[in-house]
**Q** 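Below is one structure. I have some questions about it.
Because the structure is a prediction, the values reported are computed rather than measured. As a basis for the values below, the full set of heavy atoms in this structure was taken, side chains included, without hydrogen atoms, waters or symmetry mates. Numbers restart at 1 for each chain; the letters A, B, ... are given by sequence-line order, proteins then strands.
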Protein chains: 2
Amino acid sequence: MPKSIKKEINRENLLNQGVTTLMGQGYHGTGLQEILDAVNIPKGSFYNYFGSKENFGAEVIQHYIDPFITQLAAHLQQSETDALSAIQLYFTELIAELEKNQFKGGCLLGNLMGEIGDTSEVCQKSLQSAVNRYRNLLQSGLAKAQQQGTVRLDKSAEDMADLLLNSWQGALLRMKIEKSSAPVKQCCNQLLGEFFRA
Amino acid sequence: MPKSIKKEINRENLLNQGVTTLMGQGYHGTGLQEILDAVNIPKGSFYNYFGSKENFGAEVIQHYIDPFITQLAAHLQQSETDALSAIQLYFTELIAELEKNQFKGGCLLGNLMGEIGDTSEVCQKSLQSAVNRYRNLLQSGLAKAQQQGTVRLDKSAEDMADLLLNSWQGALLRMKIEKSSAPVKQCCNQLLGEFFRA
DNA sequence: CAAAACAAGACAACCGGTCGTATTATTTGC
DNA sequence: GCAAATAATACGACCGGTTGTCTTGTTTTG
């Protein structure tokens with residue numbers, strides 16, 4: 001097996017484990033050794049793949065959000081369901097996943113925004129990019145729903161996307177400390193079920 | 001000076017410094033020594049005042065939220081202004097303070113919910129209590145505004161308080177990474193200025 | 001064989017927490 | 001009301017362990 005491929009596998013494993021561990025214990029609460037042990041990669045190698053813990057964190061952020069964007073985009077492209085229903089279904093699936101994890105972790109973006117969003121410039125940039133990518137997709141979904149007549153037209157899709165995203169982040173925090181999916185369900189019902197409706 | 005008084009002063013100083021430092025660097029990002037040096041209190045004393053870093057964190061949380069509750073309650077008791085205006089004024093003041101800090105820190109409750117809200121049971125309990133105290137006050141303010149006819153009656157004050165608090169927390173996270181007060185202003189305008197209005 | 005990629009482990013700094021001792025307060029005995 | 005005894009607090013050196021990073025030697029690659 002060529003080394004260049006092994007390198008990519010190692011990088012991928014580190015990023016996957018980074019998502020899991022940073023989600024569970026936060027940035028400063030996680031030591032590199034813990035991640036390295038989990039995927040059996042020696043410490044010395046780490047700095048060949050990533051220049052620093054901070055750079056690693058920035059890459060983990062992007063690696064984390066990718067699947068969410070893919071999943072939401074897939075729902076929005078389903079031509080047989082309207083956009084609002086697609087978004088609702090997407091969030092229903094997220095809630096099911098959160099319940100499966102017993103409300104631990106929440107959203108890595110939200111957690112890291114709070115912990116290091118204003119102290120690590122590198123991670124801040126990465127968080128900006130990740131949040132914007134997600135927000136823009138949500139916005140385009142809401143705009144599509146507006147065209148389909150299921151979402152009100154007197155508010156901009158941009159404003160609604162921001163409100164939905166912010167409320168969702170806040171609800172995730174509440175979920176974590178209340179160990180209940182009630183906050184996130186309430187959030188979706190209030191916005192997607194009522195406020196945004198045409 | 002009796003020792004019992006000095007002890008209370010030291011505790012107070014530690015809690016104040018704890019709020020500042022934990023706000024800026026998070027829980028795991030802050031070492032006890034850093035706090036102790038800032039208020040010139042030896043390490044050994046710390047463990048006479050607080051049993052552990054975790055217990056200290058739980059006390060810092062309560063110490064942090066107290067002034068916010070006092071401030072909001074004071075606004076709500078001003079008899080010459082209606083409740084909705086009082087709430088709006090309160091948030092306007094918060095935004096001014098955030099701008100003064102150049103969008104660093106945000107809300108200690110939100111930051112700690114994300115970082116340790118699901119890993120430290122002691123802090124989780126404290127966060128629950130702090131958030132609930134704050135939420136209940138907001139709810140009573142919104143209920144008062146409903147009685148005064150400025151806020152819609154077809155949604156419960158409880159639901160609106162939750163939505164406002166969650167959106168505010170999310171907007172604070174966005175503020176931190178975007179280094180702009182636009183998200184928090186947008187949040188207040190959307191909810192207090194539009195959605196909640198009678 | 002030169003250059004690049006990798007891995008082992010050293011490194012100093014720092015972590016939260018403990019411990020014995022010194023100092024000070026408070027209670028007790030008379 | 002003073003002194004002795006007891007309790008409470010102050011203090012910082014110190015503990016074992018871990019941190020992120022770097023140096024250095026080895027292995028692999030084209």
Side-chain angles (χ1 to χ4, degrees), chain A residues 1-15 17-61 112 115-116 119-124 126, chain B residues 1-22 24-61 112 115-116 119-124 126:
Chain A
M1 180 158 67
K3 263 298 167 54
S4 62
I5 292 196
K6 184 180 177 195
K7 167 169 181 173
E8 284 312 309
I9 291 179
N10 278 350
R11 270 184 65 96
E12 183 82 4
N13 285 342
L14 280 170
L15 287 173
Q17 188 61 42
V19 167
T20 304
T21 313
L22 289 184
M23 178 93 103
Q25 310 172 220
Y27 182 81
H28 289 297
T30 299
L32 289 180
Q33 196 61 59
E34 191 173 352
I35 297 174
L36 295 164
D37 288 347
V39 292
N40 254 56
I41 292 175
K43 198 169 197 175
S45 301
F46 177 86
Y47 282 83
N48 293 317
Y49 302 142
F50 307 93
S52 67
K53 185 188 184 185
E54 199 181 2
N55 286 342
F56 176 67
E59 287 207 42
V60 166
I61 288 164
L112 292 189
E115 188 184 353
I116 54 170
T119 53
S120 160
E121 198 172 332
V122 181
C123 291
Q124 183 180 83
S126 183
Chain B
M1 179 160 65
K3 269 295 170 56
S4 61
I5 293 195
K6 186 180 177 194
K7 168 171 179 173
E8 284 312 309
I9 291 178
N10 278 349
R11 271 183 64 97
E12 183 82 4
N13 285 343
L14 281 169
L15 288 173
N16 285 335
Q17 188 62 43
V19 166
T20 304
T21 314
L22 288 184
Q25 311 172 221
Y27 182 82
H28 290 296
T30 300
L32 289 181
Q33 198 60 57
E34 190 173 353
I35 297 175
L36 294 165
D37 288 347
V39 291
N40 255 51
I41 291 175
K43 189 99 156 262
S45 301
F46 176 86
Y47 282 86
N48 285 330
Y49 304 146
F50 308 93
S52 67
K53 185 188 185 186
E54 201 181 1
N55 287 341
F56 176 67
E59 286 208 43
V60 166
I61 288 164
L112 292 189
E115 187 183 354
I116 54 171
T119 54
S120 159
E121 199 172 330
V122 180
C123 292
Q124 183 180 82
S126 183

**Q** Does the Lys NZ or Arg CZ of Lys53(A) fall within the cation-pi geometry relative to Tyr27(A) - under 6.0 Å from the ring centre and within 45° of the axis?
**A**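 Here Lys53(A) passes the 6.0 Å and 45° test against Tyr27(A).
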**Q** Tell me: CG of Leu32(B) to P of dG12(D), nearest whole Å?
**A**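 Rounded to whole Å, this separation is 16 Å.
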**Q** So, is Tyr47(A) near the phosphate of dG9(C), with a side-chain N or O under 4.0 Å from OP1 or OP2?
**A**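 Looking at the OP1 and OP2 atoms of dG9(C), neither is under 4.0 Å from any side-chain N or O of Tyr47(A).
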**Q** Taking the side chain of Lys53(B) as its heavy atoms from C-beta onward, which of dC15(C), dG16(C), dT21(D) lies nearest to it?
**A**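 Out of dC15(C), dG16(C), dT21(D), the nucleotide with an atom closest to Lys53(B)'s side chain is dG16(C).
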**Q** For Ser45(B) and dC11(D), is the shortest distance between a side-chain N/O and OP1 or OP2 below 4.0 Å?
**A**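 For Ser45(B), the contact criterion (side-chain N or O under 4.0 Å from OP1 or OP2 of dC11(D)) is met.
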**Q** Looking for any heavy atom pair under 4.0 Å, which part of the strands does Phe46(B) touch: base, sugar-phosphate only, or nothing?
**A**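 Answer is nothing: Phe46(B) stays at 4.0 Å or more from every strand.
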**Q** Got more than 12 heavy atoms from elsewhere within 6.0 Å of CD, Glu34(B)?
**A**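 Yes - once you tally the heavy atoms of other residues, nucleotides and ligands closer than 6.0 Å, there are more than 12.
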**Q** If you take atom types as modelled and just measure distance, does the side chain of Asn48(B) reach the base of dA10(D) with a donor-acceptor pair under 3.5 Å?
**A**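 Indeed, a donor on one side and an acceptor on the other fall under 3.5 Å apart.
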**Q** Quick check: on DNA chain D, is the nucleotide nearest Gly31(A) upstream (toward 5') of the one nearest Gly44(A), or the reverse? Name the residue that is more 5'.
**A**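 That would be Gly31(A).
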**Q** Check every atom of dA7(C), dA10(D), dG17(C) against the side chain of Pro42(A) and return the nucleotide holding the closest atom.
**A**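 Given the options dA7(C), dA10(D), dG17(C), the side chain of Pro42(A) is closest to dA7(C).
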**Q** Rounding to a whole Å, what distance do you find between Asn55(B):CG and dG16(C):P?
**A**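 Spelled out: CG on Asn55(B) to P on dG16(C) is 14 Å.
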**Q** For a quick check under 3.5 Å, do Asp37(B) and Gln33(B) share a side-chain donor-acceptor pair by atom type?
**A**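 Indeed, the side chains of Asp37(B) and Gln33(B) share at least one donor-acceptor pair under 3.5 Å.
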**Q** In whole angstrom, what separates Gln33(B)'s CD from dG12(D)'s C1'?
**A**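 Computing the Gln33(B):CD to dG12(D):C1' distance gives 9 Å.
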**Q** Can you name the closest pair of heavy atoms from Cys123(A) and Gly57(A) and give their distance?
**A**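 Closest approach of Cys123(A) to Gly57(A), heavy atoms only: SG-C, 4.2 Å.
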**Q** Atom CD1 of Ile41(A) and atom P of dA5(C): how far apart are they, to the nearest Å?
**A**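 Atom-to-atom, Ile41(A) to dA5(C), this comes out as 17 Å.
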**Q** Which residue, Thr21(B), Thr20(B), Asn13(B), forms the side-chain hydrogen bond (donor to acceptor under 3.5 Å, both in side chains) with Gln17(B)?
**A**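 Testing Gln17(B) for a side-chain hydrogen bond (donor to acceptor under 3.5 Å, both in side chains) against Thr21(B), Thr20(B), Asn13(B) leaves exactly one candidate, Thr21(B).
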**Q** In whole angstroms, how far is the P atom of dA10(D) from the CZ atom of Phe50(B)?
**A**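 Checked: the CZ to P distance equals 12 Å.
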**Q** Confirm from the modelled atom types if Lys43(A) and dG20(D) form a donor-acceptor pair under 3.5 Å, side chain to base only.
**A**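 Indeed there is one.
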**Q** Whole angstroms only, please: what is the NE2-C1' distance between His28(B) and dC14(C)?
**A**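 It works out to 15 Å between those atoms.
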**Q** In whole Å, what is the span from the CG atom of Asp37(B) to the P atom of dC14(C)?
**A**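 About 11 Å, once rounded to whole Å.
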**Q** Within this structure, what is the CD-to-P distance between Gln25(A) and dT18(D), rounded to whole angstrom?
**A**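 Roughly 13 Å, once rounded to whole Å.
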